[in-house]
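Reviewing the structure listed below.
We're numbering straight along the sequence, starting at 1. Fair warning: this is a prediction, and the values are worked out from it, not measured in the lab.
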Amino acid sequence: MAGTGGNTAPSPGGNEFVGSAGTAPCSTPLTQPTGMILSSLTNGEVFRWGDNCGVLRFSGNPFAKKEDKNKGKRQRCTSKQAIFTDFRVMMAVTSGCKGDTMGMDNGKYVRYTPEQVEALERLYHDCPKPSSLRRQQLIRECPILSNIEPKQIKVWFQNRRCREKQRKEASRLQAVNRKLSAMNKLLMEENDRLQKQVSNLVYENGYFRQQTQNMALVTTDTSCESVVTSGQHHLSPQHPPRDASPAGLLSIAEETLTEFLSKATGTAVEWVQMPGMKPGPDSIGIIAISHGCTGVASRACGLVGLEPTRVAEILKDRPSWFRDCRAVDVLNVLTTGNNGTIELLYMQLYAPTTLAPARDFWLLRYTSVLEDGSLVVCERSLNNTQNGPTMPPVPHFVRAKILPSGYLIRPCDGGGSIIHIVDHVDFESSSVPEVLRPLYESSTLLAQRTTLAAFRQLRQISQEISQPMVTSWGRRPAALRALGQRMSRGFNEAINGFSDEGWTLMESDGVDDVTIVVNSSPDKVMGATPLYADGFPSISNAVLCAKASMLLQNVPPAILTRFLREHRSEWADSNIDGYLAASVKGGPCGLPLARSGGFGGQVILPLAHTIEHEEFMEVIKLENMSHYRATEDMLMPGDIFFLQLCSGVDENAIGTSAELIFAPIDASFTDDAPLLPSGFRIIPINNNSQNPTRDLASTLEVGPPGKRTPADYLGQSGPTKSVMTIAFQFAFEIHLQENIAAMARQYVRNIISSVQRVALALSPSPFGPRSLQAPSSTPEAQMLAHWICQSFRCFLGEDLFKTVDERSDSMLKTLWHHSDAIMCCSLKALPDFTFANQAGLDMLETTLVSLQDITLDKIFDRGGRTNVCAELPQILQQGFACLPGGVCLTSMGRPVTYERAVAWKVLNDEENAHCIADICKVMGNEGDGVVDNNGGVHGGQLVTPWNMSISSGHILLRDPRYNKGLAFTERERDAHYLNGLLPPTISSQELQEKKVMHNLRQYEVPLQRYIAMIDLQERNERLFYKLLIDHVEELLPIVYTPTVGEACQKFGSIFRRPQGLYISLKDKGHVLEVLKNWPEGNIEVIVVTDGERILGLGDLGCQGMGIPVGKLSLYTALGGVRPSVCLPITIDVGTNNEKLLNDEFYIGLKQNRARGEEYDELLDEFMKAVKLNYGEKILIQFEDFANHNAFSLLNRYRTTHLVFNDDIQGTASVVLSGLLSALKLIGGTLFDHTFLFLGAGEAGTGIAELIALQISKTGASIEEVRKKIWLVDSKGLVVSSRKESLQHFKLPWAHEHEEISNLLDAVKEIKPSVLIGTSGVGRQFTQEVIEAMSSINEKPLIMALSNPTSQAECTAEEAYTWSKGRAIFASGSPFGPVTYEDKVFVPGQANNAYIFPGFGLGLIMCGATRLHDDLLLVASEGLASQVTEEEYAKGIIFPPFSCIRKISAHIAASVADKAYELGLASLQPRPNDLVKFAESCMYSPVYPIYR
């Protein structure tokens, strides 16, 4: 390469240039031109310089920072060029390397000019990761890059991506560094404050000692001191009224500011670290509570990524984040001379329980800016003022006081804010019963419910701003926060029952345990009762609330709340749940009548959670419930939904209140849906005085706080108390008030009884080891752990735990926290449990309190008891035994599955048998559904066949999902009551497959084979898919085109059992209800058709259902999408096929097809219902819609739904793949060829558009590219002179040319190299047309894509014969091999089945929310990459279908990769190996092994 001179520098050592012939390094210096790019050189890479070559070896990083001796500053090479001036490359020159075998024919490194760098940077921004094809095009299209090899461009792009990644990482680290610096500053300030506090404490300690000594010398008579005066020592002295004039208010404001700052950053209040809250960069902040001050106070300081003004705006809007705040009214605003503002506020707080009144405050709020730029918002109560505005007492409210409190907000370097929050309140606790006073005297509760709530709101909003996203069910975080606020507010309103909101108290029934209030105000009723589905309002005209409070002893709120959340069936009445749901599902609400059946299965669907997971929102779905009879004439659907808000379930949080609030909803609830919340609130009310020294020391403990359980704190602080408040709301008709009140009162009483029973079971016993915590303090427990481990080692020859010190109590701790269930049972005739670790207690859903009441016969059925008892002699004789896995019942009666267990005899120190221990791994609660969620079998894992219950007997044989026919083993037949229902022989799945294929091949008519396959699918789903996967090339034409076309034509005659949903015009207005009738709730892909253009057969109306059914069969067989998540749908709007209208066996609407507004309204309702019912990520595939509807539907919904049209986009993608493959045979690039289409419908124009898009990626404009693509329709060549009569989708292809009326003349005029048929009319590629193509091209590419075979434009034999064997041929339907002049030609099949299964799998597995055209392009490239060189040699441009699953996995990986790159994927984090992830997601048809 020519150079312009260069600089050399001595080598720093270790760098050498090794000759390609393996010669030793020499000392010949290499002269490097100034400014040469070396960022693409890597250690060990082959290097060519003119006629010399070698291998670069260097140590260290030649591009690393270097100390400039002259300036003393660090310098870095720029991203555009790295100047090779800081080391010398030593090389041994090997001449004559032009003919070497190192694979670098022209590999000269060139000097990158600024223009080249600019061009590459521009290309990088357009496409950061170009394919090899794309890189070759770059060189051709950019003359400035002509002297650079494609391989070097590849390396440049790799390095550029690395630099971009490094830049992003550097930016992230800088942000983390700024955060750490700010946090360090905050901690230093906190350290200074603590040092001042320590100094004050030392001074006070000395002062009090001196006072104590003086008082010892003086005798004081206190015998006359009254009880009244003795209780007033800590009362604040009475001050004269303060002046509330404007000048006086300013004085109060300045005083408030000074006092607030002394609390926020000084030592005015003695702050102690709140237990369980550790400071750190990832924590919420530094949280402290008061000790020994008037009232209760809490303080927090931390960082948030919001600007100070935004922080102040959020914090001032107290109702938006403080759930206990009912209202804040700004009554007056004054402006001060220092640009501050004084506001007079009236604030009301809800009472947290029914046993106490609500609080209100008359406040002054002062906002100002300090000299250092900090923003301050401080406030205090104005309870004793004169000469100014006042707020008289309000009935039913207790006037409380806010002592100087507020927010100090300082701007942080690099963005964000440092915030100090102080809340200091006197709640006037004397106004509540003595037992509840700790509720108003707890600084911890104040910190949890107020101070931390403010910080969490700020952090949540900051995260949403920095990382915008849409959460589950398409909801924005702000909308979910608003829903949570509405839920909490509604629950607080129900507890408080303010008269100004319309609540009135009903008379008691003589027992005052439950309070009933009624609200019939219009605002309340309209907000609680929705409209019917038909738009008319519900006739429920009142709301009733039943509420009560109860005191709980020794039950941690977190544990009780978690139990109530996870075990709804233990306290809820499904009758009442059905009644609550009736008001939402759109019907009049009557009294709940008796119904049969039990409580349905509970499914928790996560919706959102806060950053620290301290609060989360979810949807509770009660499945498989028996139908609830709302009235005598109306049955409600079986599924019931509740929106649920849960908080305080973290057992490691100290003193946290817990809430479980829920409201009935419809599955399609909107952000403004009416809510009628009910639920539970549990607040701890212990008032143990806390030693500040102990608390400060506890925060400095070594080890994570998670290691301390609530029981640890329980043991430290003694018995705990908490108050539970229950409130349930019911919408009802006013004439049923007495009946509903009686029902609600009894229901709440039943709940109280249930909660008391559960609380008793959960509360720890004061005796022995029967407590919530691990019995680590008892010698007996430690001895038992020692015996268990020692006996295990004795009988099984290995250690139960690998690294445990037997001389300490760590063995018991390891045993207690082990992930596997370890349990011990006695050696009695009726064994009972004597010990279980935490996993064992969770498995049995019990506690150590109740464990000893559980015997083996209670948890095992007859078969389980038989198995266990059969092994007992072996355990006692041999010392151990292996027990088979199985199902047992928990203490709550729920089935739980465990894997293969090991049981062994436990010997005491005298080597006598003490008990029997066993260890097993819990697989999960089987009530949640089938274990084998992906439809596969993993390593012989056992599967329970669950439906609404465990399937057995004839029900199991009739369930296609689980039926195995003669393949059931003897054990399975015995376990599932199949003996006698099947012949005695047992067949393998492989033998069944062989038998079915033998029978299928006996049929000569393809339609008979189709019917046989459908029958198989309806009775044995796994065998059907096993057959289809293993014999895909033989059976694909049977289950899909061309046979499916004939099946659709005769669908009415062969119809046996519905395989999908039929939505007709009769369902208009109720489409959502129809969707809910489908038994599967977790749908991920829908294929829908209206039957107007089935293949090339025309309008088949409702009988087009065969197409969605067939497509989804291929989704499963070829793409591995589980069949349970697939839903075929036909939209029946009538048919214009007179033959069908007159056919007595036609199964659809016998009317002419609906058009226009009626059609659009039904489709729009369908699309909205699908999104509401199945969420944002549901893939909707439009299939065989007529042209005028296909394009409009795709354009209308592509921005709001994940939609895909296989006829337009799928066909285009597979054809583009064939074209990319064919370039290997015909040469050139796509831009070098001319394309002629016969057929200008949705398929033809879709293919043309995707080809144009692919070519335009090379840099040409889309308008220029379109001129190389020509279309012929039924009227001839599509040209500009016909624009007036052309449909809109043909207009982009109307070029300037004279009109041509037939295909042959068009071929002769346009001279295409590629001829594509999408006309749907057979035999249009005549001999003359094929011969004309052959005369123009050496290897004409001919694609006859119309389906079925009878409609193909030409056959494979015709194409090869008329072209004299020179054509490259592909078709839409399959053709067999053709022999021409002793040469065998294998035609390719451009079948959409190559693309859409893998394409759909890729969208599903990454959670895509929208479809981008680039996804289609990468799918095409992914398919083309699967064609091997051997197949190219045979003229084949599509890979064989025999490896379609491997092909689908690669296509899915390519699509998912692009979706992640475009930001369309919602599944995070991104899997490392997408191909393996795709394969792991694929459904397996292998029979599972049933228990």
Side-chain angles (χ1 to χ4, degrees), residues 172 175-176 178-179 182-183 186 277 280-287 298-325 327-328 347 365 367 374-377 379 405-423 447-489 606-618 645-648 659 671-672 1463 1466 1468:
R172 186 189 68 82
V176 171
R178 287 195 300 268
K179 182 178 179 180
M183 193 67 194
L186 198 61
M277 302 298 295
D282 295 322
S283 68
I284 196 169
I286 303 172
I287 315 298
S298 63
R299 171 182 173 271
C301 49
L303 313 173
V304 293
L306 299 171
E307 295 304 314
T309 53
R310 177 63 174 146
V311 172
E313 178 186 344
I314 294 171
L315 293 177
K316 282 185 176 183
D317 185 15
R318 193 180 256 114
S320 69
W321 54 266
F322 187 22
R323 298 287 173 83
D324 292 342
C325 182
V328 176
M347 180 173 68
R365 183 165 67 193
T367 305
S374 301
L375 184 61
V376 179
V377 180
E379 57 191 14
S405 307
Y407 319 108
L408 171 61
I409 312 166
R410 296 183 293 174
C412 184
D413 295 339
S417 304
I418 299 176
I419 306 171
H420 295 256
I421 299 179
V422 173
D423 290 302
Q448 291 282 357
R449 299 185 68 84
T450 308
T451 313
L452 288 176
F455 250 117
R456 285 171 176 143
Q457 176 82 349
L458 293 171
R459 294 187 67 190
Q460 195 73 30
I461 294 176
S462 175
Q463 185 190 52
E464 293 165 9
I465 292 175
S466 62
Q467 302 174 8
M469 63 176 181
V470 177
T471 57
S472 302
W473 295 32
R475 297 309 204 273
R476 291 283 178 184
L480 292 174
R481 283 204 315 275
L483 277 174
Q485 183 71 14
R486 288 176 55 205
M487 290 276 288
S488 185
R489 185 179 184 85
L607 193 60
H609 59 79
T610 52
I611 297 175
E612 297 174 317
H613 295 262
E614 77 284 344
E615 179 180 279
F616 44 90
M617 186 179 293
E618 56 203 11
L645 188 70
C646 187
S647 62
E659 288 183 342
D671 294 340
D672 58 350
S1466 63
Q1468 299 295 339

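Shown are T309, I418, V311, I421; of these, the side chain to side chain contact (heavy atoms under 4.5 Å, CB included) with I409 is made only by V311. With R410 as the partner, the side chain to side chain contact (heavy atoms under 4.5 Å, CB included) test is satisfied by one option alone out of C301, P308, S374: S374.
Distance check: Y407 OH to T451 OG1 gives 8.5 Å after rounding to the nearest 0.5 Å. For the atom pair OG1 of T450 and CZ of R318, the computed distance is 8.0 Å after rounding to the nearest 0.5 Å. We find the CZ-CG distance between R456 and L458 to be 12.0 Å, quoted to the nearest 0.5 Å. One distance of note links CG of D423 with OG of S298; it measures 4.5 Å at 0.5 Å rounding. For the atom pair CG of L645 and CD of E618, the computed distance is 9.0 Å after rounding to the nearest 0.5 Å.
Between M347 and C325 the shortest heavy-atom distance is CG-SG, 4.1 Å. For the pair I314 and S320, the tightest heavy-atom approach, listed with the atom from each and the gap, is O-OG, 4.2 Å.
For E307, there are no side-chain hydrogen bond (donor to acceptor under 3.5 Å, both in side chains) partners, not counting sequence neighbours. In this structure S647 satisfies the side-chain contact (heavy atoms from CB on, under 4.5 Å) test together with E615, E659, sequence neighbours excluded.
At least one donor-acceptor pair closer than 3.5 Å links the side chain of S417 to the backbone N or O of L306. Between the Q457 side chain and the L315 main chain, no donor and acceptor come within less than 3.5 Å of each other.
Taking the side chain as every heavy atom from C-beta outward, R323 and R449 never approach each other to under 4.5 Å. The shortest distance between side-chain heavy atoms of T367 and L375 falls below 4.5 Å. Proximity of V328 to K316: side-chain heavy atoms (C-beta onward) are nowhere separated by under 4.5 Å. Within the 4.5 Å cutoff, side-chain heavy atoms of V304 are placed close to those of F455.
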